[in-house]
Amino acid sequence: MSIILGIESSCDETAAALVTSDREILAHKLAGQEEAHAPFGGVVPEIAARAHAEIITPLIDAALAEADLTLDKVDAIAATAGPGLIGGVMVGLVTGKALAMAADKPLVAVNHLEGHALSPRLANADLDFPYLLLLASGGHCQILRVDGVGQYRRLATTIDDAAGEAFDKTAKILGLGYPGGPKVEALAKTGDAEAVPLPRPLKGSKEPHFSFAGLKSAVVRAHQSGEHRPEDIAAAFQQATVDCLQDRLEKAIGDHGKVRHLVVAGGVAANGPIRAMLERLASEHDMQFTAPPSWLCTDNAAMIAWAGAERFAAGFTDPLDFVARPRWPLDPTAEKARGAGVKA
Ligand code: KG4
Ligand code: ZN
């Protein structure tokens, strides 16, 4: 059994956690920055980096105290090394390197996306490889086939916006504030999804990919028309997103054959109606469905510690001169999606 310290700072959450290779979460601490970014309606990279730098050391101390551990009892230090806002990533990675050097422990440089991708295995000990994964967060929307630690085949990606980004933009248009996902979901509960006709971009397309930009523009037009209640727009947007995700997953299952497990990860996986759709889809295709608990879907350090534990167990550690990566695809062999902008 090994104990891994995980550090996360790639976006707007600073987090530290201690997790064992036996899936025990000994401590997990998280400091959000919502108030600092709220006036700007989105994450400001410079503000994020400064906030990470201020809180990261006390947060790690607090995690160690909660687990009643000192650094010498830890077997490896896992820090997010990308992709993400580079200033923030550097804060966490440099902190991880300094602790690794001071305590003479191995460093594991973790891809944030791998943290999300493996997080369902922390939640579910019965989830073995391979699995079909919908990874939907603020920056990414991909379907991956996960064959093992470090073995990812990207089957689909977004040609424009990520699903979480679409939730955030819809929230901004409706004046709900940031982060948008939970706010849109809450408002949608009282709305009528049928009341606002919205498009399902790329639904039925031969290409495997996602697109959400046209949906966002339609939300803008629906809002500007003044004809619709905000709760109806929220409900219609959420339903359109559910339909797009379902259609693209059905295509992936059809094109690539089903595997035993259908899995979801990333912040958008916290969404109730999306989880319900995935559960239905899995049972229709005789697949087992796994979704981590909501707190493990949105950014946290337990998933980074767990990815670190998986990599450490597989024999992967990294040198202390590992360079932070603003972009770091899980499947470097995947071709750029046709029509894709810079984000894909
Ligand atoms: O994985 P995550 O915490 O950070 C990134 O790596 O991006 O994902 C954050 C994204 C945000 O876009 C947020 O609006 C979305 O996940 N999100 C949700 C929900 N909770 C978070 N989207 C829909 N419904 C939710 N309940
Ligand atoms: Zn994330």
Side-chain angles (χ1 to χ4, degrees), residues 6-15 17 28 30-34 37-38 41-43 45 48 52 80-86 88-89 92 110-120 133-142 144 157-158 161-174 176-189 191 210 212 215-216 219 234-235 237-242 244-245 264-278 291-304 306-307 326-330 343:
I7 301 171
E8 159 61 31
S9 59
S10 66
C11 190
D12 59 345
E13 318 274 4
T14 322
H28 74 96
L30 192 117
Q33 307 174 352
E34 278 176 34
H37 300 294
V43 180
H52 288 305
T80 297
L85 301 173
I86 195 66
V89 172
V110 173
N111 182 322
H112 178 85
L113 298 172
E114 185 166 45
H116 281 301
L118 296 176
S119 65
L133 172 71
L134 171 66
L135 174 48
S137 68
H140 296 84
C141 189
Q142 306 186 338
L144 296 150
T157 187
T158 177
D161 293 351
E165 198 176 352
F167 270 94
D168 294 333
K169 286 179 176 169
T170 297
K172 201 168 176 177
I173 293 160
L174 298 178
L176 303 178
Y178 180 87
K183 294 190 166 137
V184 171
E185 181 178 3
L187 185 63
K189 285 199 173 83
F210 296 97
F212 292 100
L215 180 55
K216 177 196 65 189
V219 167
F237 161 79
Q238 184 170 258
Q239 188 56 49
T241 305
V242 166
C244 291
L245 294 172
V264 66
V268 178
N271 184 278
I274 291 175
R275 290 165 89 106
M277 174 274 290
L278 292 168
S294 292
W295 74 267
L296 199 53
C297 291
T298 47
D299 286 351
N300 65 85
M303 70 180 193
I304 303 303
W306 174 252
R327 291 188 184 280
W328 188 358
L330 271 183
K343 284 174 186 154

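The first residue in the sequence is number 1, and the count goes up from there. We count ligands from 1, going down the list as the structure has it; atoms in each ligand are counted the same way.
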Asp168 and ligand 1 - part of the residue with a heavy-atom distance under 4.0 Å: side chain

Nearest-contact summary for atom 24 (N) of ligand 1 - protein heavy atom, Å: Asn271 ND2, 3.1 Å

Atom 26 (N) of ligand 1: the protein heavy-atom neighbour that sits closest, reported with distance to 0.1 Å: Glu185 OE1, 2.8 Å

Single hit among Cys11, Ser10, Pro326 for side chain to side chain contact (heavy atoms under 4.5 Å, CB included) with Val89: Ser10

Shortest non-hydrogen contact between Ala166 and Phe212, atoms and distance: CB-CB, 4.0 Å

Best match, Cys11, Gly84, Gly267, Ala188: closest heavy atom to atom 15 (C) of ligand 1: Gly267

From Ser137, Ser294, Gly181 - option closest to atom 18 (C) of ligand 1 by heavy atom: Gly181

Heavy-atom side-chain proximity of Leu245 to Cys141 below 4.5 angstrom: yes

Nearest protein heavy atom with distance in Å, relative to atom 7 (O) of ligand 1: Gly138 N, 2.8 Å

Chi angles and distances behind the ring pair (Phe, Tyr, Trp, His ring centres under 6.0 Å) call for His112, Trp328: CA-CA 9 Å; His112 178 85; Trp328 188 358; over 10 Å; no

Shortest non-hydrogen contact from Leu296 toward Ser119: CD2-O, 3.9 Å

Cut-off under 2.8 Å, centre the Zn ion (ligand 2), protein N/O/S atoms: His112 NE2, His116 NE2, Asp299 OD1

Part of His112 with heavy atoms under 4.0 Å of ligand 1, whether side chain, backbone, both or neither: side chain

Proximity flag His116 to ligand 1, non-hydrogen atoms under 4.0 Å: yes

side-chain hydrogen bond (donor to acceptor under 3.5 Å, both in side chains) against Asn111, all qualifying residues, sequence neighbours excluded: none

Worked check of side chain to side chain contact (heavy atoms under 4.5 Å, CB included) between Leu113 and Leu135: CA-CA 8 Å; Leu113 298 172; Leu135 174 48; 4.1 Å; yes

Distance filter under 4.0 Å to Pro182 heavy atoms, resulting ligand 1 atoms: 19 (C), 20 (N), 21 (C), 25 (C), 26 (N)

Nearest non-hydrogen protein atom, atom 2 (P) of ligand 1: Asp299 OD1, 3.3 Å

Numbering as shown, the atoms of ligand 1 that approach Gly139 to under 4.0 Å (heavy-atom distance): 7 (O)

Non-hydrogen side-chain atoms of Leu118 and Met303 separated by less than 4.5 Å: no

Contact check: Thr298 vs ligand 1, nitrogen or oxygen atoms, below 3.5 angstrom: no

Close N or O approach (Gly266, ligand 1; < 3.5 Å): no

Contact check, side chains of Gln142 and Leu133, non-hydrogen atoms, under 4.5 Å: no

Listed partners of Lys183 passing salt bridge (Lys or Arg N to Asp or Glu O under 4.0 Å), at least two apart: none

Pairing residues for Gln239 by the side-chain hydrogen bond (donor to acceptor under 3.5 Å, both in side chains) criterion, not counting sequence neighbours: Asp243

Under 3.5 Å donor-acceptor, Arg327 side chain and Pro83 backbone: no

